[in-house]
Chemist: 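Structure provided below as structure tokens; questions to follow.
Throughout, protein chains are lettered first and strands after them, A, B, ... in sequence-line order, and every chain is numbered starting at 1.
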Protein chains: 2
Amino acid sequence: MGTLVGMTPRIDPLSLEVVELIGTIVARYHEEYEEAAAQHSLTGAQARVLSLLAGGPTPMRRLAQRLKCEPSNVTGIVDRLESRGLAERRLDPADRRVKLAAATEAGRATSERLRGSLDFAREPLAELSDEERTILRDLLKRMLGIAP
Amino acid sequence: MGTLVGMTPRIDPLSLEVVELIGTIVARYHEEYEEAAAQHSLTGAQARVLSLLAGGPTPMRRLAQRLKCEPSNVTGIVDRLESRGLAERRLDPADRRVKLAAATEAGRATSERLRGSLDFAREPLAELSDEERTILRDLLKRMLGIAP
DNA sequence: TATTGTTATACTCTATAACTATA
DNA sequence: TATAGTTATAGAGTATAACAATA
């Protein structure tokens with residue numbers, strides 16, 4: 001109180017505006033993702049795992065790393081996908097400790113339809129021209145610290 | 001199989017790249033938010049409510065609308081904030097049915113520190129010049145369908 | 001000994017439905 | 001009767017700790 005020590009540094013109005021826009025995008029992205037998942041009776045976590053499995057059989061441990069959660073949580077998520085016939089567990093011939101989670105044929109189909117219902121990709125970007133999209137891409141890359 | 005009927009429309013590579021960049025931003029944004037909340041021993045939902053309360057006393061109903069969840073959930077979240085002395089419930093003189101959730105002095109302080117630890121605002125944008133930030137702002141606005 | 005996956009436990013968030021007190 | 005908030009309940013995600021099988 002009455003001192004500036006320890007106070008949050010003020011952010012300029014322009015940056016603040018950009019940050020708020022990004023916050024809006026984040027919110028909308030999540031809404032759409034959860035909505036698309038729900039349309040297939042999946043939770044967000046289940047949809048995320050199913051999408052990962054579309055890339056091929058994956059050790060439980062690796063799924064946990066991708067989800068940034070503890071390995072013990074993945075057990076339940078895959079259990080629920082498995083009980084609905086969307087995923088299955090396989091043994092890894094190379095290391096008998098690991099179990100590979102894999103999408104079933106039904107799982108791949110669901111994953112594909114899920115991807116199709118994520119309108120976030122097409123709709124908002126349709127507003128921009130190719131040139132503008134290129135500019136946007138490069139700015140986002142710089143923001144994320146990815147090479148030019 | 002063998003037919004295009006019902007297939008997901010192909011998205012052009014440039015748009016796909018932008019979408020993936022946005023996905024990366026969304027992921028990073030969430031990571032940082034949860035991390036910042038955890039640093040203050042708050043869950044994401046608790047941090048979000050506390051931030052809303054920084055805007056002034058708010059009816060429980062309105063909090064549910066902002067969080068896009070059922071009103072019954074807000075009861076527990078505010079309970080937990082209240083039990084830690086970060087929030088309190090007040091009566092609305094105008095309508096005795098409504099309860100106003102409000103941040104305590106400690107709650108406001110925590111909310112302020114929380115805001116300060118959200119580096120996402122400053123760090124990535126620092127890479128861009130003022131002019132670039134302006135371009136980024138306008139592109140994001142167009143993307144979100146917000147007037148020029 | 002170290003690693004992989006699982007189980008057991010506890011907490012939080014979530015939706016649904018039923019309840020109360022106001023309006 | 002309609003609305004605001006709560007309670008009760010059940011399911012899902014999460015972290016922690018302890019455990020079995022394998023390396």
Side-chain angles (χ1 to χ4, degrees), chain A residues 27 30-31 33-53 57-84 86-102, chain B residues 27 30-53 57-84 86-102 114:
Chain A
H30 257 87
E31 263 175 67
Y33 197 91
E34 295 287 325
E35 214 170 282
Q39 277 170 11
H40 297 86
S41 304
L42 294 170
T43 65
Q46 289 164 10
R48 243 166 284 136
V49 167
L50 198 54
S51 295
L52 288 174
L53 297 189
T58 312
M60 303 294 281
R61 207 88 188 173
R62 174 113 49 127
L63 290 176
Q65 290 164 347
R66 297 296 193 80
L67 265 56
K68 294 189 200 303
C69 73
E70 294 301 313
S72 58
N73 301 327
V74 181
T75 299
I77 298 172
V78 171
D79 279 351
R80 276 157 228 134
L81 288 175
E82 197 166 23
S83 75
R84 289 181 48 194
L86 300 174
E88 62 186 11
R89 283 172 167 87
R90 299 179 191 163
L91 297 175
D92 184 345
D95 185 338
R96 298 199 321 196
R97 288 174 304 180
V98 344
K99 282 176 191 161
L100 301 168
Chain B
H30 259 86
E31 263 175 68
E32 289 204 17
Y33 196 90
E34 295 287 326
E35 214 170 281
Q39 277 170 10
H40 297 86
S41 304
L42 295 169
T43 64
Q46 289 164 8
R48 243 166 282 134
V49 167
L50 198 54
S51 296
L52 289 173
L53 297 189
T58 312
M60 303 295 281
R61 208 87 187 174
R62 175 110 51 123
L63 291 176
Q65 290 164 348
R66 297 298 191 80
L67 264 58
K68 292 187 202 302
C69 73
E70 294 300 314
S72 59
N73 301 328
V74 181
T75 298
I77 298 172
V78 171
D79 279 351
R80 276 155 228 136
L81 288 175
E82 199 167 22
S83 75
R84 289 181 49 193
L86 300 175
E88 62 187 11
R89 282 171 168 89
R90 299 180 193 162
L91 296 174
D92 183 344
D95 185 338
R96 298 199 320 199
R97 290 174 304 179
V98 346
K99 281 177 192 161
L100 300 168
L114 186 70

Chemist: Among residues at least two apart in sequence or on other chains, which ones pass ring-ring contact (aromatic ring centres under 6.0 Å, His included) with B/His30?
Modeler: A/His30
Chemist: Write out all pairs satisfying salt bridge (Lys or Arg N to Asp or Glu O under 4.0 Å) with one or both partners inside residues 58-76 of chain A, taking only residues at least two apart or from two chains.
Modeler: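 Residue pairs with at least one partner in residues 58-76 of chain A: A/Lys68-B/Glu31.
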Chemist: Under 4.0 Å from a heavy atom of chain A: give me the 5'-most and 3'-most nucleotides of DNA chain C that qualify.
Modeler: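 Contact boundaries, 5' end first: C/dT3 to C/dT7.
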Chemist: If the condition is side-chain hydrogen bond (donor to acceptor under 3.5 Å, both in side chains), which residues does B/Glu82 pass it with, not counting sequence neighbours?
Modeler: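 Scan of B/Glu82 (side-chain hydrogen bond (donor to acceptor under 3.5 Å, both in side chains), adjacent residues dropped) gives B/Arg89.
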Chemist: Tell me the closest heavy-atom pair linking A/Thr58 and A/Leu63, and the distance in Å.
Modeler: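 Reported closest heavy-atom pair: CG2-CD2, 3.9 Å.
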Chemist: A/Glu35: what forms a side-chain hydrogen bond (donor to acceptor under 3.5 Å, both in side chains) with it, not counting sequence neighbours?
Modeler: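 Applying side-chain hydrogen bond (donor to acceptor under 3.5 Å, both in side chains) to A/Glu35 gives none.
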Chemist: By side-chain hydrogen bond (donor to acceptor under 3.5 Å, both in side chains), which residues pair with B/Glu88, not counting sequence neighbours?
Modeler: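 Testing B/Glu88 for side-chain hydrogen bond (donor to acceptor under 3.5 Å, both in side chains), a comparison that skips the adjacent residues, returns B/Arg90.
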Chemist: Could you tell me the separation between the NZ atom of B/Lys99 and the CG atom of B/Leu91, rounded to the nearest 0.5 Å?
Modeler: 7.5 Å
Chemist: Taking all non-hydrogen atoms of both residues, which atom of A/Cys69 and which atom of A/Val74 are closest, and how far apart?
Modeler: SG-CG2, 4.1 Å
Chemist: Kindly give the atom pairs (protein nitrogen or oxygen, nucleotide nitrogen or oxygen) under 3.5 Å for nucleotides 15-18 of chain D.
Modeler:
residue, atom, partner, partner atom, Å
D/dA15, OP2, A/Glu70, N, 2.8
D/dA15, OP2, A/Asn73, ND2, 2.7
D/dA15, N7, A/Asn73, OD1, 2.9
D/dT16, O4, A/Ser72, OG, 2.7

Chemist: Using the rule given for side-chain contact (heavy atoms from CB on, under 4.5 Å), can you reason through B/Leu67 versus B/Asn73, listing the C-alpha separation, both sets of side-chain angles and the distance that settles it, and then say yes or no?
Modeler: CA-CA 10 Å; B/Leu67 264 58; B/Asn73 301 328; over 6 Å; no
Chemist: Using a heavy-atom cut-off of 4.0 Å across all strands, would you classify A/Arg89 as base, sugar-phosphate, or nothing?
Modeler: sugar-phosphate
Chemist: Tell me, which of residues 92-101 of chain B have any heavy atom that sits under 4.0 Å from an atom in DNA chain D?
Modeler: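 Residues of residues 92-101 of chain B that come under 4.0 Å of DNA chain D are, in numerical order, B/Arg97, B/Val98, B/Lys99.
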Chemist: Between A/Leu63 (CG) and D/dT14 (P), how many Å, whole number?
Modeler: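 Atom-to-atom, A/Leu63 to D/dT14, this comes out as 12 Å.
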Chemist: Nearest-Å distance, CZ (B/Arg62) to P (D/dT3)?
Modeler: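 Rounded to the whole Å, the gap is 17 Å.
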Chemist: Can you tell me how far apart CG (A/Leu81) and CG (A/Leu86) are? Round to the nearest 0.5 Å.
Modeler: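 Output value for this atom pair is 6.0 Å.
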Chemist: Got a sec? Which of residues 36-43 of chain B come in under 4.0 Å of DNA chain D, heavy atoms?
Modeler: none
Chemist: Taking only residues two or more places apart in sequence or in another chain, which ones pass side-chain hydrogen bond (donor to acceptor under 3.5 Å, both in side chains) with B/Asp95?
Modeler: B/Arg97
Chemist: Scan the side chains in residues 40-53 of chain A for donor-acceptor partners under 3.5 Å anywhere in the protein, sequence neighbours excluded, and list what turns up.
Modeler:
residue, atom, partner, partner atom, Å
A/His40, ND1, A/Ala36, O, 3.0
A/Thr43, OG1, A/Gln46, N, 3.2
A/Gln46, OE1, A/Thr43, N, 3.2
A/Ser51, OG, A/Ala47, O, 3.0

